Amino acid sequence: MSRLLGCAVVGAGRIGALHAQTLLALPNVRLAAVVDPDREAAIRAAEDRLVSTTLDAVFRNPEVDAVVIASPTELHAEQIVAAARAGKAIFCEKPVSFDLARAREALAVVEETQVPFQIGFQRRYDPGVVAARERLDEIGRLETIRMLSCPSPFRPGEVSGGIFCDMALHDIDLARFFAGEIGEVTAIGTSFAGEPSDDPDTTILTLRFASGAIGVIENARRTMHGCDVRAELTGRRGKFVIEREHDTSLRVYDEGGRHRDALDGFINRFRRAYIGEMEAFVRAVREGSRPSPGVADAMASLRVALAATRSLAAGRPVRVEEIEAEPATPRRKRKNA
Ligand SMILES: NC(=O)c1ccc[n+]([C@@H]2O[C@H](COP(=O)([O-])OP(=O)(O)OC[C@H]3O[C@@H](n4cnc5c(N)ncnc54)[C@H](O)[C@@H]3O)[C@@H](O)[C@H]2O)c1
């Protein structure tokens with residue numbers, strides 16, 4: 001493609017506004033439209049670009065080659081289908097849906113129409129992750145994986161699918177990125193912040209990989225100490241630790257002692273990864289190559305998150321293939337919603 005790639009952002013909230021900012025800064029891209037029923041949010045994100053009132057207008061716009069879907073999760077599946085039918089390349093925030101059947105149907109349309117598709121698992125583009133993945137052979141066959149991620153804004157189960165589909169999904173995808181497919185999960189969780197509910201704010205998930213490796217993922221919606229995201233990979237010959245606690249290398253010494261800055265949230269922690277994933281998407285669409293992570297990773301990681309959700313509800317280990325075989329698990333209504 002010789003001309004600029006025309007992109008539209010659908011949903012200009014927290015993450016959509018960030019993607020719009022990234023697209024505005026990328027060469028080879030023209031931010032052609034931003035659509036959000038909250039017109040003020042759209043105008044803020046679009047700067048002086050076109051603010052569109054309807055999604056249909058975006059899909060009919062021949063200047064739009066690709067859409068970045070960053071609307072609330074429950075809208076992703078229908079917007080993916082409409083974008084694919086309109087022949088647009090699609091970047092979609094995670095998850096595609098928290099209903100397996102809807103995710104499967106939407107992604108079947110992507111496959112049928114052959115439009116480029118990338119899912120928003122930005123951690124794969126975190127510089128530490130990229131380096132670890134490239135050097136994975138150095139530590140030999142992976143034996144254990146340990147991951148910790150917190151905090152993340154609370155979103156009720158009805159709109160987010162619960163903590164595993166909304167939050168742990170990133171860690172699940174990263175675990176698969178390093179160690180391959182997950183065969184079985186066991187989840188426990190509790191709510192420290194409020195009433196006991198079927199959507200806890202703090203969870204621990206254990207994993208059995210098809211390779212024989214084992215792993216653990218710990219998530220908490222809240223922390224006292226800000227953003228805390230780590231991964232530890234232990235292989236036969238060594239170990240990698242991926243973490244970043246500070247935004248800059250600055251240390252301040254004063255009468256109060258020694259101080260360093262702290263990352264104040266996931267946007268800052270993953271700023272470079274968000275840019276990296278969008279650069280990769282744009283490059284793939286322009287070159288006509290397959291964006292990554294794509295349909296298969298979106299589905300595989302979602303199945304593991306749904307298996308974790310089932311494990312928590314049932315209080316037993318759940319094999320991921322149980323989820324593949326059945327329609328989506330209906331969610332119980334939250335008692336404290
Ligand atoms: N990859 C990540 O790290 C990451 C981080 C945050 C959120 N997310 C995902 O991004 C999505 C959005 O999350 P958020 O935190 O930005 O939410 P948000 O509530 O801040 O923003 C959502 C925006 O979508 C708009 N919207 C509502 N209906 C719409 C419609 N029909 N068409 C277009 N826009 C519409 C809302 O007005 C709002 O501005 C969720 O699916 C979430 O899981 C991913």
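Only a predicted model underlies this, so the values are computations on that prediction, with no experimental measurement involved. Remember, it's 1-based here, ligands and their atoms both numbered in the order they're listed.
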All pairs passing salt bridge (charged side-chain N to carboxylate O under 4.0 Å, His left out) where residues 68-94 contributes a residue, at least two apart: R85-E112, K94-D166

Residue shell around ligand 1, heavy atom under 4.0 angstrom: V10, G11, A12, G13, R14, I15, V35, D36, P37, D38, A70, S71, P72, T73, L75, H76, Q79, E93, K94, G120, Q122, R155, D166, H170, F266, Y274

CD on E277 to CZ on F121, rounded to 0.5 Å: 10.5 Å

Carboxylate-amine/guanidinium proximity below 4.0 Å for R176 and D297: yes

Pair E245 + R230, salt bridge at N-O below 4.0 Å: yes

Single hit among I242, D171, D173, V130 for side-chain contact (heavy atoms from CB on, under 4.5 Å) with R123: D171

Output field: ring centroids F91/H19 closer than 6.0 Å: yes

